[in-house]
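Note that ligands are numbered from 1 as they come in the structure, with each ligand's atoms numbered from 1 the same way.
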Amino acid sequence: MREQLRICHLYPDLLNLYGDRGNLQALLRRAVLRGIDCRIEPVTIGEHFDPDRYDLIFLGGGQDAEQNILREDFVSLKGEAVKYAVEADKVFLCICGGYQMMGTEYIEHDGTHLECLGAINVRTVGKKIRYIGDTVYETELVPDKPLLYGFENHSGRTYLGDGVKPLAKVVSGAGNNGEDQTEGAIYRNVYCTYSHGSFLPKNPQMTDFLLQRALEVQKGAPVTLDYLDTIDEDFARETIQTCKKT
Ligand code: GLN
(Lines give C-alpha, C1' and ligand atoms only; values in the text may rest on other atoms or scores of the structure.)
Protein backbone atom coordinates (compact mmCIF):
# COMPACT_ATOMS: atom_id res chain seq x y z
CA MET A 1 0.00 0.00 0.00
CA ARG A 2 1.29 3.50 -0.85
CA GLU A 3 2.67 5.58 2.01
CA GLN A 4 0.18 8.23 3.06
CA LEU A 5 1.07 11.62 4.49
CA ARG A 6 -1.49 14.24 5.47
CA ILE A 7 -0.41 17.85 5.99
CA CYS A 8 -2.52 20.61 7.55
CA HIS A 9 -1.93 24.14 6.28
CA LEU A 10 -3.19 26.38 9.10
CA TYR A 11 -4.52 29.81 8.09
CA PRO A 12 -3.28 29.73 4.47
CA ASP A 13 -5.32 32.85 3.74
CA LEU A 14 -3.60 34.85 6.48
CA LEU A 15 -0.16 33.39 7.27
CA ASN A 16 1.63 33.30 3.93
CA LEU A 17 4.29 35.97 3.68
CA TYR A 18 7.04 35.87 1.03
CA GLY A 19 5.63 32.75 -0.61
CA ASP A 20 5.63 30.62 2.53
CA ARG A 21 3.29 28.21 0.76
CA GLY A 22 6.40 27.22 -1.18
CA ASN A 23 7.30 25.11 1.86
CA LEU A 24 4.25 22.96 1.20
CA GLN A 25 5.12 22.65 -2.47
CA ALA A 26 8.59 21.44 -1.48
CA LEU A 27 7.18 18.85 0.95
CA LEU A 28 4.63 17.70 -1.63
CA ARG A 29 7.18 17.41 -4.43
CA ARG A 30 9.76 15.44 -2.45
CA ALA A 31 7.04 13.16 -1.09
CA VAL A 32 5.30 12.50 -4.42
CA LEU A 33 8.60 11.88 -6.24
CA ARG A 34 9.12 9.08 -3.71
CA GLY A 35 5.68 7.64 -4.38
CA ILE A 36 4.20 8.92 -1.10
CA ASP A 37 0.50 9.85 -1.36
CA CYS A 38 0.78 13.32 0.19
CA ARG A 39 -2.35 15.41 0.78
CA ILE A 40 -2.42 19.06 1.93
CA GLU A 41 -5.58 20.35 3.65
CA PRO A 42 -6.24 24.02 4.50
CA VAL A 43 -7.79 24.90 7.85
CA THR A 44 -8.52 28.56 8.61
CA ILE A 45 -10.54 30.72 10.98
CA GLY A 46 -13.77 29.08 12.15
CA GLU A 47 -12.86 25.67 10.68
CA HIS A 48 -12.38 22.56 12.79
CA PHE A 49 -8.80 21.39 13.36
CA ASP A 50 -8.56 17.65 14.09
CA PRO A 51 -4.99 16.98 15.31
CA ASP A 52 -5.31 13.21 14.89
CA ARG A 53 -5.96 13.66 11.16
CA TYR A 54 -2.54 15.08 10.31
CA ASP A 55 1.10 13.99 10.26
CA LEU A 56 2.51 17.48 9.76
CA ILE A 57 1.08 20.91 10.55
CA PHE A 58 2.36 24.05 8.79
CA LEU A 59 2.08 27.66 9.98
CA GLY A 60 3.48 30.39 7.73
CA GLY A 61 4.46 33.94 8.52
CA GLY A 62 2.27 37.02 8.75
CA GLN A 63 2.23 40.71 9.52
CA ASP A 64 1.16 41.86 12.98
CA ALA A 65 -2.27 42.70 11.57
CA GLU A 66 -2.89 39.18 10.30
CA GLN A 67 -1.58 37.72 13.54
CA ASN A 68 -4.12 39.84 15.42
CA ILE A 69 -6.96 38.67 13.16
CA LEU A 70 -6.36 34.97 13.76
CA ARG A 71 -5.08 35.12 17.34
CA GLU A 72 -8.48 34.62 19.00
CA ASP A 73 -9.28 31.64 16.77
CA PHE A 74 -5.80 30.13 17.16
CA VAL A 75 -5.56 30.56 20.94
CA SER A 76 -9.17 30.09 22.04
CA LEU A 77 -10.74 27.80 19.45
CA LYS A 78 -7.88 25.69 18.09
CA GLY A 79 -5.44 26.14 20.96
CA GLU A 80 -6.09 22.98 22.98
CA ALA A 81 -6.06 20.80 19.86
CA VAL A 82 -2.79 22.37 18.67
CA LYS A 83 -1.18 21.88 22.10
CA TYR A 84 -2.42 18.27 22.13
CA ALA A 85 -0.77 17.75 18.72
CA VAL A 86 2.51 19.24 19.98
CA GLU A 87 2.58 16.96 23.04
CA ALA A 88 1.63 13.99 20.84
CA ASP A 89 4.91 14.66 18.95
CA LYS A 90 3.17 15.65 15.72
CA VAL A 91 5.60 17.42 13.38
CA PHE A 92 5.16 21.17 12.99
CA LEU A 93 6.96 23.63 10.73
CA CYS A 94 6.35 27.18 11.91
CA ILE A 95 7.70 30.18 10.04
CA CYS A 96 8.27 33.62 11.63
CA GLY A 97 4.81 34.93 12.61
CA GLY A 98 3.50 31.37 12.92
CA TYR A 99 6.54 30.62 15.12
CA GLN A 100 5.84 33.64 17.31
CA MET A 101 2.16 32.66 17.75
CA MET A 102 3.16 29.23 19.11
CA GLY A 103 5.04 30.97 21.95
CA THR A 104 3.67 32.44 25.18
CA GLU A 105 3.45 36.11 24.28
CA TYR A 106 4.18 38.73 21.63
CA ILE A 107 4.68 42.30 22.83
CA GLU A 108 4.37 44.53 19.74
CA HIS A 109 6.75 47.43 19.27
CA ASP A 110 4.06 49.88 20.48
CA GLY A 111 3.77 47.90 23.73
CA THR A 112 0.54 46.06 22.85
CA HIS A 113 0.62 42.73 24.67
CA LEU A 114 -0.68 39.76 22.67
CA GLU A 115 -1.31 36.51 24.49
CA CYS A 116 -0.12 33.70 22.21
CA LEU A 117 -0.78 29.97 22.39
CA GLY A 118 1.90 28.95 24.87
CA ALA A 119 2.54 25.64 23.07
CA ILE A 120 6.30 26.28 23.19
CA ASN A 121 8.28 28.20 25.79
CA VAL A 122 9.43 31.21 23.77
CA ARG A 123 8.47 34.87 24.00
CA THR A 124 8.72 37.65 21.44
CA VAL A 125 9.23 41.39 21.82
CA GLY A 126 8.64 43.60 18.78
CA LYS A 127 10.96 46.53 18.05
CA LYS A 128 10.68 49.39 15.58
CA ILE A 129 13.81 48.38 13.66
CA ARG A 130 13.11 45.33 11.51
CA TYR A 131 15.61 42.59 10.69
CA ILE A 132 15.51 42.23 6.90
CA GLY A 133 17.87 40.29 4.69
CA ASP A 134 19.30 37.05 3.47
CA THR A 135 20.33 34.56 6.11
CA VAL A 136 22.61 31.58 6.55
CA TYR A 137 22.23 29.35 9.59
CA GLU A 138 24.04 26.20 10.72
CA THR A 139 21.98 23.33 12.08
CA GLU A 140 22.93 20.00 13.67
CA LEU A 141 19.74 18.34 12.43
CA VAL A 142 21.28 17.31 9.10
CA PRO A 143 25.01 16.75 9.77
CA ASP A 144 26.14 16.34 6.17
CA LYS A 145 24.31 19.48 4.96
CA PRO A 146 24.36 21.80 7.99
CA LEU A 147 23.92 25.16 6.23
CA LEU A 148 20.36 26.51 5.86
CA TYR A 149 19.62 29.45 3.55
CA GLY A 150 16.72 31.85 3.95
CA PHE A 151 15.38 35.38 4.07
CA GLU A 152 14.21 37.18 7.19
CA ASN A 153 11.90 40.14 7.70
CA HIS A 154 10.70 40.56 11.28
CA SER A 155 10.37 43.18 13.99
CA GLY A 156 10.03 40.50 16.65
CA ARG A 157 12.93 39.44 18.81
CA THR A 158 12.28 35.91 20.11
CA TYR A 159 13.90 34.53 23.25
CA LEU A 160 14.00 30.80 24.03
CA GLY A 161 12.86 29.58 27.44
CA ASP A 162 13.62 26.37 29.34
CA GLY A 163 12.98 23.17 27.42
CA VAL A 164 13.42 24.77 24.00
CA LYS A 165 16.54 24.33 21.82
CA PRO A 166 17.54 26.54 18.89
CA LEU A 167 17.02 25.13 15.40
CA ALA A 168 20.36 26.52 14.30
CA LYS A 169 23.24 28.87 14.98
CA VAL A 170 23.43 32.17 13.07
CA VAL A 171 26.16 32.32 10.42
CA SER A 172 24.82 35.49 8.80
CA GLY A 173 21.67 37.48 9.54
CA ALA A 174 19.94 38.20 12.85
CA GLY A 175 18.14 34.98 13.68
CA ASN A 176 15.90 34.94 16.76
CA ASN A 177 16.91 38.29 18.19
CA GLY A 178 20.21 39.55 16.81
CA GLU A 179 21.80 39.07 20.22
CA ASP A 180 22.38 35.43 21.22
CA GLN A 181 23.31 33.96 17.80
CA THR A 182 20.40 31.52 17.99
CA GLU A 183 17.95 30.96 15.16
CA GLY A 184 14.58 29.30 15.42
CA ALA A 185 13.44 26.79 17.98
CA ILE A 186 12.89 23.09 18.51
CA TYR A 187 10.47 21.68 21.07
CA ARG A 188 9.58 17.97 20.73
CA ASN A 189 8.78 17.82 16.96
CA VAL A 190 7.96 21.49 16.56
CA TYR A 191 10.53 23.06 14.22
CA CYS A 192 10.46 26.84 14.02
CA THR A 193 12.46 29.31 11.96
CA TYR A 194 12.49 32.95 10.97
CA SER A 195 13.45 31.84 7.45
CA HIS A 196 11.12 32.88 4.67
CA GLY A 197 12.26 32.57 1.15
CA SER A 198 10.49 30.27 1.13
CA PHE A 199 12.54 28.10 3.41
CA LEU A 200 12.24 24.47 2.31
CA PRO A 201 12.65 24.83 -1.49
CA LYS A 202 16.18 26.15 -0.84
CA ASN A 203 16.93 23.57 1.86
CA PRO A 204 15.89 20.11 0.57
CA GLN A 205 17.74 18.40 3.40
CA MET A 206 15.29 20.02 5.83
CA THR A 207 12.36 18.98 3.63
CA ASP A 208 13.51 15.37 3.77
CA PHE A 209 14.18 15.62 7.53
CA LEU A 210 10.58 16.77 8.17
CA LEU A 211 9.08 14.14 5.84
CA GLN A 212 11.07 11.42 7.57
CA ARG A 213 10.13 12.60 11.09
CA ALA A 214 6.45 12.84 10.16
CA LEU A 215 6.44 9.28 8.76
CA GLU A 216 8.34 7.99 11.81
CA VAL A 217 5.76 9.51 14.18
CA GLN A 218 2.95 8.10 12.03
CA LYS A 219 4.45 4.58 12.08
CA GLY A 220 6.03 4.69 15.53
CA ALA A 221 9.19 3.24 13.96
CA PRO A 222 12.37 4.42 12.21
CA VAL A 223 11.92 5.32 8.52
CA THR A 224 14.54 5.64 5.80
CA LEU A 225 13.43 7.72 2.84
CA ASP A 226 14.35 6.56 -0.66
CA TYR A 227 17.28 8.55 -2.06
CA LEU A 228 16.19 11.57 -4.10
CA ASP A 229 18.74 13.92 -5.64
CA THR A 230 18.69 17.67 -4.91
CA ILE A 231 19.93 18.85 -8.30
CA ASP A 232 16.94 21.14 -8.98
CA GLU A 233 16.93 22.67 -5.50
CA ASP A 234 20.71 23.20 -5.50
CA PHE A 235 20.53 24.80 -8.97
CA ALA A 236 17.71 27.13 -7.87
CA ARG A 237 19.55 28.17 -4.70
CA GLU A 238 22.85 28.74 -6.50
CA THR A 239 21.06 30.72 -9.23
CA ILE A 240 19.43 32.97 -6.61
CA GLN A 241 22.78 33.46 -4.88
CA THR A 242 24.51 34.26 -8.19
CA CYS A 243 21.78 36.76 -9.14
CA LYS A 244 22.14 38.48 -5.77
CA LYS A 245 25.86 38.91 -6.29
CA THR A 246 25.44 40.65 -9.67
N1 GLN B 1 4.68 40.29 12.37
C2 GLN B 1 5.83 39.55 12.86
C3 GLN B 1 7.06 40.45 12.97
O4 GLN B 1 7.09 41.51 12.37
C5 GLN B 1 6.15 38.38 11.96
C6 GLN B 1 6.60 38.81 10.58
C7 GLN B 1 6.72 37.67 9.60
O8 GLN B 1 6.05 36.64 9.70
N9 GLN B 1 7.60 37.87 8.58
O10 GLN B 1 8.03 40.06 13.65
Side-chain angles (χ1 to χ4, degrees), residues 8-26 42-45 57-75 78 82 92-137 148-161 164 166-168 170 172-186 190-203 206 240:
C8 176
H9 186 182
L10 277 176
Y11 308 108
D13 49 339
L14 289 162
L15 294 180
N16 177 36
L17 275 186
Y18 310 109
D20 287 337
R21 69 176 68 241
N23 292 293
L24 293 158
Q25 289 163 6
V43 174
T44 191
I45 289 180
I57 296 101
F58 175 73
L59 274 158
Q63 297 174 74
D64 290 11
E66 281 99 352
Q67 288 171 281
N68 279 306
I69 291 169
L70 63 86
R71 198 178 55 79
E72 180 65 25
D73 183 87
F74 184 56
V75 174
K78 296 182 175 59
V82 172
F92 283 73
L93 176 62
C94 308
I95 309 288
C96 200
Y99 167 20
Q100 296 168 341
M101 301 292 286
M102 291 285 279
T104 55
E105 62 178 352
Y106 179 19
I107 302 173
E108 293 184 314
H109 64 78
D110 64 1
T112 308
H113 179 273
L114 298 177
E115 179 207 351
C116 296
L117 183 56
I120 62 173
N121 185 14
V122 303
R123 61 186 293 272
T124 299
V125 180
K127 301 282 186 190
K128 272 204 168 189
I129 308 293
R130 301 186 68 82
Y131 288 130
I132 302 175
D134 294 319
T135 58
V136 180
Y137 304 133
L148 300 173
Y149 300 86
F151 170 79
E152 64 184 335
N153 180 342
H154 54 105
S155 67
R157 276 67 169 162
T158 297
Y159 301 90
L160 308 186
V164 179
L167 176 82
V170 173
S172 71
N176 279 326
N177 48 52
E179 299 161 32
D180 61 14
Q181 296 308 302
T182 66
E183 150 56 13
I186 301 174
V190 179
Y191 300 91
C192 304
T193 179
Y194 267 110
S195 295
H196 291 285
S198 47
F199 178 50
L200 291 182
K202 290 195 273 196
N203 301 287
M206 268 307 293
I240 292 168

In this structure, which one of Leu15, Ile69, Leu17 forms a side-chain contact (heavy atoms from CB on, under 4.5 Å) with Gln63?
-> Leu17

Proximity to ligand 1 by part of Asn153, non-hydrogen separation under 4.0 Å | backbone

So which of Gly97, Gly62, Gly61 gets nearest to atom 6 (C) of ligand 1, if we judge by its closest heavy atom?
-> Gly62

Any Glu152 heavy atom less than 4.0 Å to ligand 1 | no

Do the rings of Tyr18 and Phe151 sit parallel, tilted or perpendicular, given the 30° and 60° boundaries?
-> perpendicular

Below 4.0 Å from any atom of ligand 1, is there a heavy atom belonging to Tyr106?
-> yes

Check whether any side-chain N or O of Asn203 sits under 3.5 Å from a backbone N or O of Phe199 as a donor-acceptor pair, and report yes or no.
-> yes

Do any nitrogen or oxygen atoms of Tyr18 come within less than 3.5 Å of a nitrogen or oxygen of ligand 1?
-> no

Let me see the working for Asn176 and Tyr99 under side chain to side chain contact (heavy atoms under 4.5 Å, CB included), right down to the final yes or no.
-> CA-CA 10 Å; Asn176 279 326; Tyr99 167 20; 2.8 Å; yes

Would you call Asn68 and Glu108 a side-chain contact if the rule is heavy atoms closer than 4.5 Å?
-> yes

Ligand 1 atoms in contact with Gln67 (distance to a heavy atom under 4.0 Å) | 1 (N), 2 (C), 5 (C)

Gly156 versus Thr124, closest heavy-atom pair with distance | CA-CG2, 3.6 Å

Ignoring angles and geometry beyond distance, decide whether Ser155 reaches within less than 3.5 Å of ligand 1 through its nitrogen or oxygen atoms.
-> yes

Protein heavy-atom partner closest to atom 9 (N) of ligand 1 - residue, atom, separation in Å | His196 NE2, 2.8 Å

In Gln67, Arg71, His113, Arg123, the residue satisfying side-chain contact (heavy atoms from CB on, under 4.5 Å) with Tyr106 is Gln67

Report, in ascending order of atom number, the atoms of ligand 1 lying under 4.0 Å from any heavy atom of Arg130.
-> 4 (O)

May I ask you to check whether Gly156 has an N/O atom sitting below 3.5 Å from an N/O atom of ligand 1?
-> yes

Consider every N or O of Gln63 and every N or O of ligand 1, then say whether any pair is closer than 3.5 Å.
-> no

Using a strict cut-off of 4.0 Å, indicate which atoms of ligand 1 neighbour a heavy atom of Leu17.
-> 7 (C), 8 (O), 9 (N)

With only distance considered, is Gln100 within less than 3.5 Å of ligand 1 through an N or O on each side?
-> yes

For Glu66, does the CD atom have more than 12 heavy-atom neighbours from other residues, nucleotides or ligands under 6.0 Å away?
-> yes

At what distance is the nearest protein heavy atom to atom 1 (N) of ligand 1, and which residue and atom is it?
-> Asp64 OD1, 2.5 Å

Sub-3.5 Å donor-acceptor pair from the side chain of Tyr131 to the main-chain atoms of Asn177, do we have one?
-> yes

Give the residue and atom name of whichever protein heavy atom lies nearest to atom 7 (C) of ligand 1, and the separation in Å to one decimal.
-> Cys96 SG, 2.9 Å

Residue part near ligand 1, for Tyr131, under 4.0 Å between non-hydrogen atoms | neither

Rounded distance [0.5 Å steps], CD in Gln100 versus CZ in Arg157 = 10.5 Å

